[in-house]
Amino acid sequence: MKIRFSEEEFARLKNLLRIYAWGQQTLLTKLNIMHEDFRHFQDNNPIEHIKGRIKAPESIAQKLHNKGVALTAENAKKHLKDIAGVRIICPFAKDIYQLAELLRSMPDVNILAEKDYVSAPKPSGYRSYHIVMEIPVFYSGKAENVVVEVQLRTEAMNFWSTLEHKARYKYHNHIPQHLCDELVICASKIAELDERMFLIHEIISLINGEGEVPLPRISAHISH
């Protein structure tokens with residue numbers, strides 16, 4: 001049986017999601033300006049691409065149900081911090097921390113929480129940097145702070161996360177242990193690949209910037 005909002009609460013939720021979408025759009029505008037600035041005026045661009053999403057009512061209902069609270073729009077606002085989300089894909093892991101610092105320095109933005117799953121991955125192998133922030137939105141003659149969760153990760157981290165999400169969906173959040181173990185191994189190798197690709201990037205930058213320079217040694221293969 002699917003978990004659903006009542007008709008009355010669903011109508012309230014739709015209005016709430018519209019406000020969350022405004023908050024998300026406000027942040028996306030700021031981030032797209034930042035991206036354009038990096039592309040045209042800075043030497044290094046730590047942003048590959050940016051994507052936003054609003055959590056579906058079905059997902060919100062399931063999450064509230066799992067928390068053991070009533071399915072109301074007010075509880076969604078009170079208990080969930082990821083209704084509105086923005087994902088930023090970075091070329092390299094080091095870019096994640098540069099962007100996190102820039103997000104903290106944004107005017108009119110309040111940081112509520114940060115979780116660094118890049119340097120301290122989850123036991124599953126999940127890596128990403130999460131920042132929960134409040135974005136001011138002005139509508140109907142009033143200002144309201146809207147909570148938006150930002151996820152910063154590399155393309156490799158994002159690929160792993162997508163694969164793990166598919167596995168969780170397939171096995172209804174009960175992934176067989178052998179697949180969990182394989183995902184952990186893959187996450188570790190992905191992290192090593194991220195580091196090695198950044199090293200190659202640094203070598204190329206040194207060559208382009210300074211001509212002939214001593215090059216760091218890259219091992220012949222990835223350790224198992």
Side-chain angles (χ1 to χ4, degrees), residues 20-56 59 80-106 109 111-135 146-169 182-205 222:
Y20 272 87
W22 294 340
Q24 181 197 69
Q25 290 164 14
T26 300
L27 179 59
L28 284 172
T29 298
K30 292 175 180 290
L31 292 172
N32 284 324
I33 291 171
M34 185 186 296
H35 192 194
E36 288 294 302
D37 175 30
F38 279 122
R39 286 179 58 200
H40 296 290
F41 301 113
Q42 309 298 327
D43 295 330
N44 179 57
N45 187 356
I47 299 174
E48 196 72 40
H49 55 86
I50 306 166
K51 184 179 181 180
R53 69 107 185 94
I54 299 293
K55 191 176 283 295
S59 297
L80 305 184
K81 304 301 182 186
D82 62 346
I83 292 176
V86 171
R87 183 170 299 154
I88 305 174
I89 304 301
C90 304
F92 306 105
K94 79 165 190 67
D95 298 322
I96 291 172
Y97 295 99
Q98 178 186 353
L99 279 177
E101 183 61 35
L102 287 172
L103 290 175
R104 292 187 206 104
S105 67
M106 276 185 171
V109 168
I111 304 297
L112 298 179
E114 294 186 52
K115 291 184 179 179
D116 183 359
Y117 297 119
V118 177
S119 60
K122 291 185 178 181
S124 65
Y126 175 85
R127 285 174 166 84
S128 188
Y129 198 102
H130 293 193
I131 302 179
V132 179
M133 54 177 57
E134 287 181 326
I135 309 298
V146 176
V147 176
V148 181
E149 182 191 60
V150 180
Q151 297 178 352
L152 305 164
R153 57 179 66 157
T154 65
E155 196 72 73
M157 293 174 193
N158 194 54
F159 175 74
W160 182 95
S161 181
T162 301
L163 183 62
E164 194 253 5
H165 179 77
K166 287 180 179 178
R168 287 193 179 279
Y169 180 81
E182 191 64 30
L183 282 167
V184 171
I185 293 170
C186 286
S188 177
K189 291 186 180 297
I190 281 173
E192 185 175 349
L193 281 171
D194 268 339
E195 291 178 6
R196 289 162 64 87
M197 287 188 290
F198 175 66
L199 176 59
I200 293 171
H201 166 75
E202 289 292 275
I203 291 172
I204 293 170
S205 296
I222 298 175

In Å, rounded to the nearest 0.5 Å, how long is the span from NZ of K51 to CD of Q151?
-> 11.5 Å
Give, for atom CG of D37 and atom CG of L31, the distance between the pair rounded to the nearest 0.5 Å.
-> 12.5 Å
All side-chain contact (heavy atoms from CB on, under 4.5 Å) counterparts of F159, not counting sequence neighbours = none
For C90 and L99 the tightest heavy-atom approach is SG-CD1, 3.4 Å
Sorted by chain and number, sequence neighbours left out, side chain to side chain donor-acceptor pair (under 3.5 Å) with S161 holds for R153
Taking side-chain contact (heavy atoms from CB on, under 4.5 Å) as the test, write out the residues that go with E195, two or more places apart.
-> none
Is any side-chain heavy atom of V146 closer than 4.5 Å to a side-chain heavy atom of T26?
-> no
With sequence neighbours excluded, what pairs up with E36 under the side chain to side chain donor-acceptor pair (under 3.5 Å) test?
-> R39, H40
Looking only at non-hydrogen atoms, find the nearest pair between I54 and Q24 and report the distance.
-> CD1-NE2, 3.7 Å
Just wondering, do K189 and I185 contact through their side chains at under 4.5 Å, heavy atoms?
-> yes
Nearest 0.5 Å please: distance from the CG atom of L193 over to the CE atom of M157.
-> 11.5 Å
Correct closest heavy-atom pair for A187 and G125 would be CB-O, 3.3 Å
What's the shortest heavy-atom distance between V184 and P123, and which atoms?
-> CG2-O, 3.5 Å
Just by distance, do the side chain of S128 and the backbone of L152 share a donor-acceptor pair under 3.5 Å?
-> yes
Which distance, rounded to the nearest 0.5 Å, do you find between the CE of M197 and the CD of E202?
-> 13.5 Å
Mind jotting down which residue pairs meet the salt bridge (Lys or Arg N to Asp or Glu O under 4.0 Å) criterion with at least one end in residues 116-127? Sequence neighbours excluded, please.
-> none
Output all residues satisfying side chain to side chain donor-acceptor pair (under 3.5 Å) with Q25, sequence neighbours left out; order by chain, then residue number.
-> none
Backbone of L102 reached by a side-chain donor or acceptor of S105 within 3.5 Å = yes
With Y97, which residues qualify under ring pair (Phe, Tyr, Trp, His ring centres under 6.0 Å), at least two apart?
-> Y129
In short, W160 meets S124 closest at the heavy-atom pair CZ2-O, 3.2 Å
Test side chain to side chain donor-acceptor pair (under 3.5 Å) applied to D95 - qualifying residues, sequence neighbours left out | none
Between V86 and I50, is any pair of side-chain heavy atoms under 4.5 Å apart?
-> yes
Nearest atoms (heavy-atom pairs only) where M133 meets I135 = SD-CD1, 3.7 Å
Check side-chain contact (heavy atoms from CB on, under 4.5 Å) between D82 and all other residues, then give those that pass, not counting sequence neighbours.
-> R53, K55, K63, L80, E149
Ring pair (Phe, Tyr, Trp, His ring centres under 6.0 Å) against Y117, all qualifying residues, sequence neighbours excluded | Y126, H130
Output all residues satisfying salt bridge (charged side-chain N to carboxylate O under 4.0 Å, His left out) with E114, sequence neighbours left out; order by chain, then residue number.
-> R104
Quick one: are I88 and H35 in side-chain contact, heavy atoms under 4.5 Å?
-> no
Kindly indicate whether the side chain of Q98, heavy atoms from C-beta on, has any atom under 4.5 Å from the side chain of N44.
-> yes
Show the numbers, then the answer: is there a side-chain contact (heavy atoms from CB on, under 4.5 Å) between E155 and H49?
-> CA-CA 10 Å; E155 196 72 73; H49 55 86; 3.3 Å; yes
List for me each residue that meets side-chain contact (heavy atoms from CB on, under 4.5 Å) alongside L163, sequence neighbours excluded, and say none if there are none.
-> L183
